[in-house]
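Working notes for the structure below.
Quick note: numbers below take in every heavy atom, side chains included, and nothing from hydrogens, waters or symmetry partners. Numbering of residues begins at 1 and proceeds along the displayed sequence.
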Amino acid sequence: MLEKNRRKKRGIVFSVGTILLLAVGYLALCAAVKEDELLPQTVINGVAVGGMTGDEAVSALERDMRDRRNEADLMLSFEGQEYPVGVGDALVFDCGEVVLEALDPCRGNFLLRGERFLRALIWGMDLEVLPVMDRERLRDILADSGLLEADTTVQSSYREENGQLFVTMGQAGSRVDEDKLLQVVEKAVLSGGIGRVVHCPVVSGAVEPVDLEQMYREIYREAENARLDAEQGYQIVPSVTGVDFDRDAAQGMLDAAEEGTVVAIDLSYTEPEVCTQDLEEHLFEDVLAEFSTSVGGSANRRENIRLATEKCSGMILNAGDVFSFNDTVGEQTAETGFKKANAILDNQIIQAYGGGICQVSTTIFEAALYAALEIPERWWHTFISSYAAPGMDAAVAWDALDLKVENSTKYPVKLLVSYQNDRLTATFLGTKTEETPVEIETEVLDDSDGLLKMMTYRKIYSPDKSHFFREEIGYSEYLNSKTRID
């Protein structure tokens with residue numbers, strides 16, 4: 001009995017010792033598990049990271065993710081055409097977050113760490129955390145490939161040919177369904193379908209209505225005469241033939257047309273009055289009019305006339321252009337080269353810079369009258385000029401009185417002014433389309449109380465002189481009709 005008790009005690013002591021030994025070993029095993037070192041035989045997305053520190057595991061997973069991104073290629077097919085697209089840049093994978101999750105067993109309850117270590121050692125731990133797709137980045141990638149713009153729809157088009165406008169009506173086709181394509185690509189990538197051909201989902205394309213007004217703006221052209229370009233050395237700017245069509249009739253034809261058919265719209269053309277060849281062949285070929293006056297007075301007056309003559313000669317006016325004497329000659333000062341000579345201010349004769357240049361404006365005015373050009377602005381002198389008949393002068397004063405001549409012909413006009421041998425001559429060169437004789441008449445309205453009032457008229461005849469047009473040119477009013485002033 002005593003021996004039996006002894007054996008029983010020895011058994012209890014052995015068991016307790018074994019338990020204590022096992023407990024100490026287990027506690028040692030729990031203590032051996034490091035919080036920043038993954039359990040053995042840990043595999044994340046196929047990458048063995050067991051025994052690695054957290055940082056080492058993150059680096060290994062990032063290398064693996066780079067490889068995955070580099071290999072993330074799809075072949076997208078749309079209407080028989082294939083588009084190779086690399087979508088790796090749209091894959092998002094938080095390696096650090098996955099590693100933290102894998103480290104959770106190492107950082108939990110201390111007494112459970114040993115058990116987790118043994119389980120990992122025996123059975124391992126396999127984690128699979130798939131990347132996610134950044135939709136916005138994926139859309140950008142697909143847009144760069146051209147797929148999102150792919151559309152087999154043929155939009156309406158037109159061409160101008162042989163006096164007609166041919167409109168080919170569009171035909172609806174197919175285009176990529178963007179939203180569904182994003183879903184299909186995401187599913188293919190995340191399900192491991194890398195490398196295979198993916199067919200793009202499609203929707204019906206839309207034919208845009210023909211914008212008749214926009215088409216009209218692009219086709220319609222005003223007829224434009226050939227002209228000279230002052231900014232390009234007076235080179236000839238070619239004429240333009242006008243183009244037009246009946247918009248109401250065209251709209252009716254387009255509304256009735258079916259997809260894919262061709263609509264023919266008749267065009268109407270308007271030829272310019274002055275075509276390029278006309279201008280090239282007849283530019284400045286005719287003298288429209290020429291007028292001369294005798295020059296007298298002081299040397300300063302003559303110098304002023306010479307200087308104004310140089311500034312005016314050679315002026316070219318396209319149809320509709322207006323010649324301004326003041327803008328052409330500029331302000332008369334000592335700095336601009338003018339001299340002091342007789343001039344009129346407040347009914348008094350004074351010495352002023354530019355005195356005498358009114359003879360240049362007057363000579364140009366009279367030539368313009370006989371050339372049948374328009375006279376938008378003209379003024380008279382206080383006293384009758386010695387070089388022009390009453391009603392035939394043109395006074396100018398800087399920033400106050402101006403002479404303006406408009407080219408009312410269809411062709412460019414050139415003004416030539418010369419001063420030599422005491423003769424001042426103004427000549428207008430242009431192109432005569434027909435002979436239109438001109439007569440100038442003056443009528444005395446009143447000549448009493450020392451004041452002479454006059455009206456100047458111009459009569460422009462038809463080529464056969466069977467009829468004429470009479471117009472008022474301008475009113476004049478002079479002090480002391482007996483006095484003549486240079």
* Asked: Checking ring pair (Phe, Tyr, Trp, His ring centres under 6.0 Å) against Y475, which of Y457, W380, W379 comes through?
  -> W380
* Would you mind checking if E471 and R458 are paired as a salt bridge, meaning a charged N to carboxylate O distance below 4.0 Å? => yes
* Non-neighbouring partners of V47 that pass side chain to side chain contact (heavy atoms under 4.5 Å, CB included), sequence neighbours left out -> V49, A60, L61, D64
* Donor-acceptor under 3.5 Å (S313 side chain, E310 main chain) -> no
* **N-O pairing of R470 and E441 below 4.0 Å** => yes
* Asked: Taking only residues at least two apart or on different chains, which pairs with a member in residues 342-356 satisfy salt bridge (Lys or Arg N to Asp or Glu O under 4.0 Å)?
  -> none
* Partners passing side chain to side chain contact (heavy atoms under 4.5 Å, CB included) against T436 (at least two apart in sequence or in another chain) -> E434, I460
* Within 6.0 Å of CD in Q277, more than 12 heavy atoms from elsewhere -> no
* **Where at least one partner belongs to residues 146-169, residue pairs that pass salt bridge (Lys or Arg N to Asp or Glu O under 4.0 Å), sequence neighbours excluded** => R159-E161
* To do: Would you check if the side chain of N225 reaches a backbone N or O of E273 as a donor-acceptor pair within less than 3.5 Å?
  => yes
* To do: Sequence neighbours left out, what passes ring pair (Phe, Tyr, Trp, His ring centres under 6.0 Å) with Y220? Give chain and number order.
  => Y216
* **Residue pair S298 / N300, side-chain donor-acceptor N/O under 3.5 Å** => no
* To do: For Y234, check ring pair (Phe, Tyr, Trp, His ring centres under 6.0 Å) against everything at least two apart and list the hits.
  => none
* Asked: Can you name the ring pair (Phe, Tyr, Trp, His ring centres under 6.0 Å) partners of Y461, sequence neighbours left out?
  -> F468
Distance-only donor-acceptor hits, side chain of residues 347-358, under 3.5 Å, sequence neighbours excluded:
residue: Q351; atom: NE2; partner: N342; partner atom: OD1; Å: 2.6

* Asked: So, the side chain of D134 versus the backbone of E136: is there a donor-acceptor pair under 3.5 Å, distance only?
  -> yes
* Asked: Under 3.5 Å, is there a donor-acceptor pair linking the side chains of Q235 and D229?
  -> no
* Asked: Restricting to pairs with a member in residues 137-148, which pass side chain to side chain donor-acceptor pair (under 3.5 Å), not counting sequence neighbours?
  -> R139-E178
* Side chains of R221 and T241, donor plus acceptor under 3.5 Å -> no
* Pick from V396, V405, I375: which one makes a side chain to side chain contact (heavy atoms under 4.5 Å, CB included) with F365? -> I375
* Asked: How would you list all residue pairs meeting salt bridge (Lys or Arg N to Asp or Glu O under 4.0 Å) that involve residues 384-398, not counting sequence neighbours?
  -> R378-D393
* **N/O donor-acceptor pair under 3.5 Å between S239 side chain and P272 backbone** => no
* To do: Kindly state each residue pair satisfying side chain to side chain donor-acceptor pair (under 3.5 Å) with at least one member in residues 361-375, sequence neighbours excluded.
  => T293-T363
* Structure fact -> residues 244-261 vs salt bridge (Lys or Arg N to Asp or Glu O under 4.0 Å), sequence neighbours excluded, gives E213-R247
